[in-house]
Amino acid sequence: MIEKPFILLSVIIPIYNVDKYLRKCLTTCLSHNNAIEYILVDDGSTDDSLKIAKDYTKAYKNIVVIHQKNMGLSAARNTGLKSAIGKWIYFIDSDDFVSEKYIDNMYNLLKKVDSKINLINLPVKKFINGKEIEIQNGNNELVKSMNFAESILNDDRQMGVWSYVFKNRYLKKKKSYLKKDFFLKINIICHPLFVIRIMSMRCLAI
């Protein structure tokens with residue numbers, strides 16, 4: 001019996017009618033690292049998105065493609081989450097893309113993360129009219145869960161799931177599945193054992 005490789009990171013990509021953007025998304029984030037799995041969840045696309053996703057499985061053995069009827073973005077993310085076996089979970093929207101080696105750098109970072117950490121808060125930048133604007137910094141620090149929750153309620157942090165890397169076991173233990181477009185139940189964020197690390201921008205830089 002062949003032993004399956006240890007999966008450190010599961011990257012979940014919900015897909016719906018994004019055939020114009022999907023190739024760029026996948027090209028920028030895919031890695032042949034077998035300790036990273038990619039779960040592509042097609043949410044009932046009516047264009048060529050599902051075909052494109054399946055085409056990539058020919059070159060990447062660490063891609064899993066799941067097809068379901070259209071149920072919405074959060075439902076597609078939940079489908080991926082239920083199938084994920086990685087120690088850590090990261091979500092990417094299929095009409096987005098990341099910088100070169102972003103996922104590989106994230107993988108190297110996760111290998112060094114303290115076992116008590118359950119969530120990593122990533123730095124976030126937007127490009128508006130050709131200008132790069134930082135909307136969430138990445139100072140390397142530990143914060144208490146209550147302080148973190150307060151910063152979210154004060155709009156000091158991004159709510160998008162792509163702003164965070166989640167500990168898989170913790171999410172599933174607390175049944176923290178995504179409800180509509182709110183990325184976590186607030187009681188999970190406020191749990192006293194929920195330890196959060198805000199990672200430095202330098203950790204994921206090219």
Side-chain angles (χ1 to χ4, degrees), residues 1-99 101-107 110 118-120 122 158-185 188:
M1 182 177 179
I2 300 176
E3 185 177 348
K4 292 185 177 180
F6 169 72
I7 304 298
L8 180 65
L9 175 63
S10 295
V11 179
I12 298 172
I13 306 176
I15 297 170
Y16 180 70
N17 289 352
V18 286
D19 59 0
K20 294 181 180 179
Y21 311 102
L22 186 56
R23 288 186 179 88
K24 185 169 186 178
C25 171
L26 296 178
T27 299
T28 59
C29 76
L30 288 176
S31 168
H32 286 286
N33 187 338
N34 287 328
I36 303 173
E37 70 169 353
Y38 294 85
I39 303 175
L40 280 51
V41 183
D42 179 72
D43 191 42
S45 294
T46 57
D47 61 3
D48 288 332
S49 295
L50 179 59
K51 179 181 181 300
I52 293 170
K54 289 182 175 179
D55 284 345
Y56 274 83
T57 63
K58 299 173 184 176
Y60 292 86
K61 304 302 181 184
N62 53 347
I63 293 179
V64 175
V65 177
I66 300 173
H67 177 69
Q68 65 182 31
K69 66 178 182 180
N70 181 248
M71 294 189 290
L73 176 59
S74 293
R77 287 171 174 161
N78 284 337
T79 296
L81 181 57
K82 291 173 183 176
S83 300
I85 62 173
K87 182 177 180 179
W88 292 90
I89 303 291
Y90 183 61
F91 297 93
I92 297 179
D93 288 344
S94 51
D95 57 350
D96 290 340
F97 61 92
V98 296
S99 59
K101 297 187 181 301
Y102 184 85
I103 297 298
D104 286 326
N105 289 344
M106 182 183 293
Y107 168 81
L110 292 173
N118 292 305
L119 180 145
I120 296 173
L122 300 174
Q158 287 292 293
M159 291 298 294
V161 292
W162 32 260
S163 302
Y164 304 90
V165 188
F166 304 88
K167 179 74 71 63
N168 188 350
R169 181 179 62 184
Y170 191 86
L171 288 183
K172 291 179 178 177
K173 179 180 179 181
K174 298 298 180 181
K175 298 182 180 179
S176 307
Y177 292 103
L178 303 160
K179 298 180 67 176
K180 295 184 179 179
D181 291 321
F182 190 70
F183 83 99
L184 275 180
K185 298 177 184 177
I188 301 301

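Nothing fancy with the numbering, it's 1 onward along the sequence.
Side-chain atoms of I66 and S83, non-hydrogen and from C-beta on, do get closer than 4.5 Å to each other. Here the side chains of I103 and N33 are not in contact, with every heavy-atom distance at 4.5 Å or above. Side-chain contact between Y16 and S94 is absent, with no heavy-atom pair separated by less than 4.5 Å. Counting only heavy atoms from C-beta outward, the side chains of L30 and I63 approach each other to under 4.5 Å. Annotation: side chain of K87 is not in contact with side chain of N168 (no heavy-atom distance under 4.5 Å).
If you take CG on L110 and OH on Y90, they are separated by 11.0 Å, rounding to the nearest 0.5 Å. Atoms CG and SG, from D96 and C29 in turn, are 10.5 Å apart once rounded to the nearest 0.5 Å. The distance from atom CD1 of I39 to atom OG of S10, rounded to the nearest 0.5 Å, is 5.0 Å. The structure places CG of L73 at 6.0 Å from CG of D93, a figure rounded to the nearest 0.5 Å. One distance of note links CD1 of I36 with CG of L9; it measures 5.5 Å at 0.5 Å rounding. I52 contributes atom CD1, which lies 9.0 Å from atom CD1 of I15 (distance to the nearest 0.5 angstrom).
Under a 3.5 Å cut-off, the side chain of T79 and the backbone N or O of A75 do form a donor-acceptor pair. Side chain of E37 to backbone of V64: no donor-acceptor contact under 3.5 angstrom is found. In this structure a side-chain-to-backbone donor-acceptor pair under 3.5 Å is missing from D42 to V65.
H32 approaches N62 most closely through the heavy-atom pair C-ND2, 4.1 Å. When all heavy atoms of A84 and I12 are compared, the closest pair comes out as CB-CD1, 4.4 Å. Heavy-atom minimum distance, S45 versus N17: OG-N, 2.9 Å.
Contacts classified as salt bridge (charged side-chain N to carboxylate O under 4.0 Å, His left out) and involving residues 55-74 (residues at least two apart or in different chains) are given here: K51-D55, D55-K58. Among residues at least two apart or in separate chains, there is no salt bridge (charged side-chain N to carboxylate O under 4.0 Å, His left out) pair with a member in residues 6-34.
In this structure, a donor-acceptor pair under 3.5 Å is present between the side chains of Y56 and T27.
For D43 and R77, the salt-bridge test fails: no basic side-chain N is under 4.0 Å from an acidic carboxylate O.
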